[in-house]
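Take a look at the structure below.
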Amino acid sequence: MSVNPELQGRSYPPTAPYLVGREKVREFARAVFATNPLHHDVDAARAAGYADVVAPPTFPVVVQEHALARLLADPEADIDFSRVVHGDQRFSFSRPIVAGDELTATLTVTSVKSLGGHSMVTADALVADASGEHVVTATSTLVVRGDE
Amino acid sequence: MSAPALSSLALGDVVAEAELALTRDSLVRYAGASGDFNPIHYRDDVAASVGLPGVLAHGMLTMGLAVQPVVDWVGDPGRVVDYQVRFTRPVVVDPRDGAVVTVVAKVGRLDEDAARIDLTVTFGGETVLGKAQAVVRLEP
């Protein structure tokens, strides 16, 4: 079973605003072994010119997941989640995420390819702040394994 | 804490190295922090039922911790302006012994205002992340 090739180019509506909490940033930082004071200490972050604690570089995955959930739930996409493997991931920042940011993600499927019975679906999640400014683009390729 | 200057770097310089010890506790902590509760990351029976050699670390956990030596080197996570990896091999986390992931960070490219740091990330002597590259903004 391969993924519907007509998905290529499809966009989904923006996700509901995600408010980045200070304790969430600290919790995520601890989970990825991130000990830099700018993740944990508000005074250190402010002294470095940030409004609040800074999220680790892979934190946007939390917001991206909400956007990818729409693709995975799309009946026309027909993606069997139990066969999905994460192929690659990229984050391209305009600026770092800090606590207090209110973020939305808009997902666009940029490519659907078939390779040896597997399908590879690449999607960009454009993450923007409350004023609509770009913060980060999170790009994922999902590999959907074909029937054995 | 000041970041290294671009002029102090040469291609191939090793700028950071680390050995990071993961345990099953790390996976549970990451599941909670990230919201990724796929049971292959904490249940041996589920991992076995889908043909995996054991409980695996989340790829995004491996990606997340592999960049930390670079963040510590530049001193400011906001200097990481681009970060990408390819997930090439899983990290199997033993229930008792855990798993040790090794990271070596080298200068891969020098631009006018940034350096690309190439990461070699291994577990059990084998590379687990391909094309693992972090671009860090630096002053001349």
Side-chain angles (χ1 to χ4, degrees), chain A residues 18 23-40 44-45 47-51 53-66 68-69 81-98 136-143 145 148, chain B residues 1 3 18 20-22 25-38 40 46 49-52 56 58-88 90 101 103 129-137:
Chain A
Y18 178 97
E23 298 306 334
K24 189 68 192 180
V25 168
R26 289 171 171 154
E27 179 191 15
F28 191 91
R30 283 193 296 272
V32 293
F33 299 28
T35 55
N36 188 282
L38 302 192
H39 298 305
H40 301 279
Y50 298 105
V53 292
V54 181
T58 59
F59 182 80
V61 70
V62 174
V63 184
Q64 175 190 234
E65 284 301 321
H66 293 285
L68 280 172
F81 186 56
S82 69
R83 293 183 171 277
V84 171
V85 179
H86 202 169
D88 58 50
Q89 178 68 44
R90 180 172 195 168
F91 301 104
S92 298
F93 289 89
S94 292
R95 67 162 177 88
I97 292 172
V98 296
V136 56
T137 297
T139 304
S140 289
T141 299
L142 305 178
V143 181
R145 291 178 295 148
E148 305 298 294
Chain B
M1 189 158 40
L20 302 160
L22 287 172
D25 307 40
S26 318
L27 308 193
V28 172
R29 185 184 282 271
Y30 186 77
S34 68
D36 181 345
F37 291 101
N38 187 331
I40 63 166
V46 174
S49 74
V50 293
L52 296 171
L56 309 182
H58 306 73
M60 286 305 303
L61 170 56
T62 308
M63 182 182 187
L65 57 85
V67 78
Q68 294 313 319
V70 177
V71 171
D72 292 339
W73 169 63
V74 294
D76 179 348
R79 288 184 177 273
V80 177
V81 293
D82 196 284
Y83 180 36
Q84 65 176 311
V85 308
R86 190 169 290 159
F87 301 102
T88 52
V101 173
V103 181
L129 297 180
K131 207 187 175 193
Q133 301 176 340
V135 177
V136 292
R137 187 176 43 76

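Quick note on labels: first sequence line is chain A, next is B, and so on, each numbered from 1.
Within the model, atoms CD of B:Gln133 and CG of B:Asp82 stand 8.5 Å from one another, a figure rounded to the nearest 0.5 Å.
Taking each heavy atom of A:Pro56 and A:Phe28 in turn, the nearest pair found is CG-CD2, 3.8 Å. The heavy-atom pair separating A:Ala34 from A:His39 by the smallest distance is CB-CD2, 3.6 Å. Heavy-atom minimum distance, B:Val46 versus B:Ser49: O-OG, 2.7 Å. Counting all heavy atoms, side chain and backbone alike, B:Ala66 lies closest to B:Pro69 at O-CD, 3.3 Å.
Contacts of A:Glu27 with chain B are made by both backbone and side-chain atoms, with heavy-atom separations under 4.5 Å. Contact of A:Phe59 with chain B is not made at all, since no heavy-atom distance falls under 4.5 Å. Heavy atoms closer than 4.5 Å to chain B are found nowhere in A:Arg95, neither backbone nor side chain. Only the backbone of B:Ala21 comes within contact range of chain A, with at least one heavy atom under 4.5 Å from a heavy atom of that chain. For a residue to count as touching a neighbouring chain, one of its non-hydrogen atoms must lie under 4.5 Å from one of that chain's; by this rule B:Val67 touches chain A with the side chain only.
Among the candidates A:Pro57, A:Pro96, A:Ala55, A:Ala48, the residue making the largest number of heavy-atom pairs closer than 4.5 Å to chain B is A:Pro57. Counting heavy-atom pairs closer than 4.5 Å to chain A, the top-ranked of the candidates B:Val135, B:Val28, B:Leu27, B:Val85 is B:Val85. Comparing A:Val62, A:Val85, A:Asp88 by how many heavy-atom pairs each has under 4.5 Å with chain B, the most go to A:Asp88.
One N or O on the side chain of B:His58 and one on the backbone of B:Asp36 form a donor-acceptor pair closer than 3.5 Å.
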